[in-house]
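Report on one structure; see the data block that follows.
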Amino acid sequence: MKAFLAVSRFQGRSGALMPWILGLLLLILLPSCHDPNRSSVVSDEHSQILELLDLAAASRHQDPLKTIDYSTQALRLLEVEPDPGSEVMALSNLAWAKMMLGEFAEAADFGEAALTLAEGQPQAEILVVPLNVAGLIYWRQSQLDKALTYYQRALAVAESLKNSSFEATTYNNMGLIYSDKAEYQLALECFTKARDLHRGLDDSRALAMALNNIAGIHATLGDFGEALANQQESLRIRELLDDKSGVAELHHNMGITYEQIGDLQEAMAQLQLGLQGFEALDDKTGMAQALTALGTVQQKLNRKVAAKTAMEQALAYGEELKDGNVTATALMSLGKLALEMGEYPIARRYLERGLATADRLGLVALQAQGRLSLANYFLAANDVDVARERAEQALQLALASGDRGQLRDTYELLSKIHERKGNYRQALINHKEFKSINDALFNANSSERLAWLRSSFEDEKRQRQITLLEGEKALQQEVIKQQKFTRNIWIVALIAAAAILLLLYSRHSQTRVNQALQRSIKMQSDLMQAVAHEFRAPLARVQLAFDMLIEAEVDERPQLEDRVLRGLEELDELIREIVKLIKAEGSPRRAPTESLSLAPLLQTLVARQHPLFPEKKITLTPVDPEISVIASKKHLEWAINNLLSNALRHCHREVRISCQLEQGQVNIIVDDDGPGVPIAERERIFEPFIRLDPSRTRATGGIGLGLAIARRLAENGRGQINVGDSPLGGARFELVWPC
């Protein structure tokens, strides 16, 4: 921010003295603005007009309202005693006074009226004053290109008249415009020409002004020794002239120079002298710029509250005066202060408002500074890519303007940004650029030689750190490269091992599939043989009953028809059970599952069995309502129901059902008081159509598929069925199901 503040304040303070410049210009031009052919004997009215113009010129800085009054009186007299030259001066005085009061629209109207009148006169010298006044009015409104057009016309007129005084004044005004546009070399050329012309004219006041402006450019370009030398010479001249406004301005500008070379105590002392001078003159523009500069120094001295107060007052003055340059400068200063205090949302609002004003007015130095400050904000917010974009924009503007202070700060920030991104090579390149410019700004004759040496030492240390980081990064990249190579070797080895294992597993799985297929084929073959065997007997009985029915007497037919129906029912039951077995073999694995609470499920199944076996006792031991399993409800009910039916068929009087939770699985236990199952037969009972008691018929003992179906349903649900001895004296069937 240092470079920007120097530019704006040097320019702004020169602008604050422009009324004095205009006064000087008007005094220079007054004698030449009258008709040279006019008689030396003038009327009383004309003498009064000249007297009023002199009074207007004398009061134009201290009391603009008096200038308006005197000029208005002169215009009324000029209606009686016309004199174009005097009327141009009166209108120009009115334009200047309105500008001093901040009434820019009226000022522009008076300025354009003066210019229109002057353009209609044969004397070219009459044009110089209104052209410079119009340029001044538009400059104060930050309409720089328009102001420059008027100054260039004024310079052309002055050169055609070969009037050195006119040329010097116009060169100075053009230099101020170029300064605001950040075209510093052009500004320096204009100020140097003005200084040389003023020296030749032995014009102390104008010379002091030119020296001050030259100092501002040198400070902006980082040549602080030259800046202080020119400022001190200008200060001596203004003190001899008792020029209070000029002395205040010089103290202000010298304070900024000391701030830039790091002597904050001397900077504070000079800025306070400048502020006191502006306050005595009630110069609000000067006060605003001095307060902004003081706020910046207080910020560096870690007096944050005082800095904020000063900057806010400066902003208030800038908005009151509608001075875009002063307003934008104060906004950006407040933004940087808020950023340093960690108030990031507030900082962003100030900076974006200031940058918008700078972009609108085309203030290049402010545009560069605003983007650099926003880059600092985005870096603090860890948005590194946006920070880099803003910093690169600021760099392009700084390169275009040649502002070395701005370039130094931008390269320093770019170095930090690239370091944050891990791009150490680019960080080192930017840091070297920063160090080169920083070394040039602090030369051996500087009073801050010690600070420069300390800064140089810190820069070299930082450069070594960046170089070390770059080396570490290169080493890390080599380590990462080696790790990637090792990792790739391991990946290839693991893929090869996985391929081998997959091949072996595939062969093993194929063997198991083949074995399972063989078992399935054998089981299907056995099943078909068993089905054929089971169908043979009932079919034979039905066939025999039909044969007998054909030859039977009428009274024998009902009995034979009953035998046929029982045979057909037996076949129907056999078919239905076989279908159930086939379904249990094939479909349960694909059945949808759900969480089932066992207590209500068992209660429902027991209730269904009571009507089928009314002479038997079925007891359900209380089941914990929290016990649940994940299963297909249809298939779990089917399996439990088959176990219950089997137990009820074989028990003498009682069947008991209970449930236990053990190690992540549920045991559903069905006990009966029947004959039990011999150990040697406990696996055979799960084969289709197996009945251990030869005396049992299908009418009393089923067809031998219930247990086979139950086991297959359990296995498909990743469970199992075990057979043992019951405490009731019969068999115990345990259905083990995972939770």
Side-chain angles (χ1 to χ4, degrees), residues 573 576-577 580-581 583-584 588 591-662 665-677 682 685-686 691 696 698-739:
E573 182 183 0
R576 281 190 281 107
E577 290 298 318
K580 287 182 181 179
L581 178 63
K583 287 183 177 180
T593 60
E594 58 184 301
S595 179
L596 302 172
S597 178
L598 283 181
L601 179 67
L602 293 176
Q603 290 169 1
T604 301
L605 294 177
V606 168
R608 290 177 183 172
Q609 293 294 335
H610 273 298
L612 300 177
F613 300 92
E615 74 283 1
K616 305 290 179 73
K617 179 183 179 183
I618 308 175
T619 304
L620 175 61
T621 302
V623 179
D624 186 347
E626 298 296 325
I627 297 178
S628 62
V629 295
I630 303 297
S632 165
K633 183 179 180 181
K634 173 184 174 183
H635 297 139
L636 183 60
E637 287 181 347
W638 194 356
I640 297 172
N641 201 55
N642 281 1
L643 293 180
L644 283 173
S645 299
N646 180 72
L648 287 165
R649 286 193 186 97
H650 293 83
C651 74
H652 297 308
R653 291 181 55 80
E654 182 181 1
V655 172
R656 184 184 300 163
I657 306 173
S658 60
C659 184
Q660 297 176 355
L661 184 62
E662 295 180 359
Q665 62 187 19
V666 176
N667 293 347
I668 302 170
I669 303 169
V670 180
D671 288 311
D672 66 62
D673 60 353
V677 181
R682 288 179 180 175
I685 60 174
F686 294 104
R691 293 183 296 277
R696 293 171 61 211
R698 291 190 185 91
T700 61
I703 61 174
L705 289 178
L707 292 178
I709 292 171
R711 168 165 278 191
R712 281 156 178 75
L713 290 170
E715 289 174 347
N716 286 332
R718 300 190 305 279
Q720 61 185 38
I721 297 177
N722 301 322
V723 185
D725 296 325
S726 170
L728 298 179
R732 165 173 281 192
F733 286 84
E734 289 187 27
L735 173 58
V736 181
W737 203 279
C739 291

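Position 1 is the first residue of the sequence, and the numbers go up from there. The shown structure was predicted, so the numbers you read here are calculated from the model rather than taken from an experiment.
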Where is the tightest heavy-atom contact between K633 and L596, given as atom of each residue plus distance? CA-CD1, 3.6 Å
Closest non-hydrogen atom pair, V670 against A647: CG1-CB, 3.7 Å
Before you tell me yes or no, could you show the steps for D725 and R682 under salt bridge (charged side-chain N to carboxylate O under 4.0 Å, His left out), namely the whole-Å CA-CA distance, both residues' side-chain angles and the distance that decides it to 0.1 Å? CA-CA 11 Å; D725 296 325; R682 288 179 180 175; 2.6 Å; yes
Please check if the side chain of N667 supplies one atom and the backbone of Q660 the other of a donor-acceptor pair under 3.5 Å. no
How close do L728 and D672 get, counting heavy atoms only, and between which atoms? CB-O, 3.6 Å
Checking the side chain of D671 only, and the main-chain atoms of S726 only, is there a donor and an acceptor separated by less than 3.5 Å? no
Checking L648 against Q609 for the side chain to side chain contact (heavy atoms under 4.5 Å, CB included) test, could you report, in this order, the C-alpha distance in whole Å, the side-chain angles of both residues, the deciding distance, and whether it holds? CA-CA 9 Å; L648 287 165; Q609 293 294 335; 3.6 Å; yes
Close side-chain approach of I630 to P738, heavy-atom, < 4.5 Å: no
Measuring from T593:OG1 to L636:CG, what's the distance to the nearest 0.5 Å? 11.5 Å
Specify the closest pair of heavy atoms between F733 and V677, including all atoms of both residues, with the distance to one decimal. CZ-CG2, 4.5 Å
Calculate, to the nearest 0.5 Å, the distance between atoms NZ and CZ belonging to K617 and R653 respectively. 8.5 Å
Does R656 CZ have over 12 foreign heavy atoms under 6.0 Å away? no
When rounded to the nearest 0.5 angstrom, what is the spacing between CD1 in I657 and CD1 in I668? 9.5 Å
If you measure from CZ on R649 to CG on L612, what distance do you get to the nearest 0.5 Å? 9.5 Å
Please give me the minimum heavy-atom distance between C651 and V655, naming the atom from each residue. SG-CG2, 3.7 Å
So, does D673 use its side chain to make a donor-acceptor pair with the main chain of G729 at under 3.5 Å? no
Apply side chain to side chain contact (heavy atoms under 4.5 Å, CB included) to the pair D624 and L661, showing each step before the final yes or no. CA-CA 9 Å; D624 186 347; L661 184 62; over 6 Å; no
Side-chain donor/acceptor of R732 to backbone N/O of P727, under 3.5 Å: no
I627/V666 under side chain to side chain contact (heavy atoms under 4.5 Å, CB included): CA gap, chis, key distance, verdict: CA-CA 8 Å; I627 297 178; V666 176; 3.8 Å; yes
Could you grab the distance from atom CG of N716 to atom NE2 of H635, nearest 0.5 Å is fine? 8.5 Å
Are side-chain heavy atoms of L735 and L643 found at a separation under 4.5 Å? yes
Is there side-chain contact between W737 and L598, with at least one heavy-atom pair below 4.5 Å? no
So, for A607 and P611, which heavy atoms are closest and what is the spacing to 0.1 Å? O-CD, 3.3 Å
If we ignore hydrogens and angles and just use 3.5 Å, is the side chain of H650 paired with the main-chain N or O of N646 as donor and acceptor? yes
Rounded to the nearest 0.5 angstrom, the NE2-NZ distance for H652 and K616 is 9.5 Å
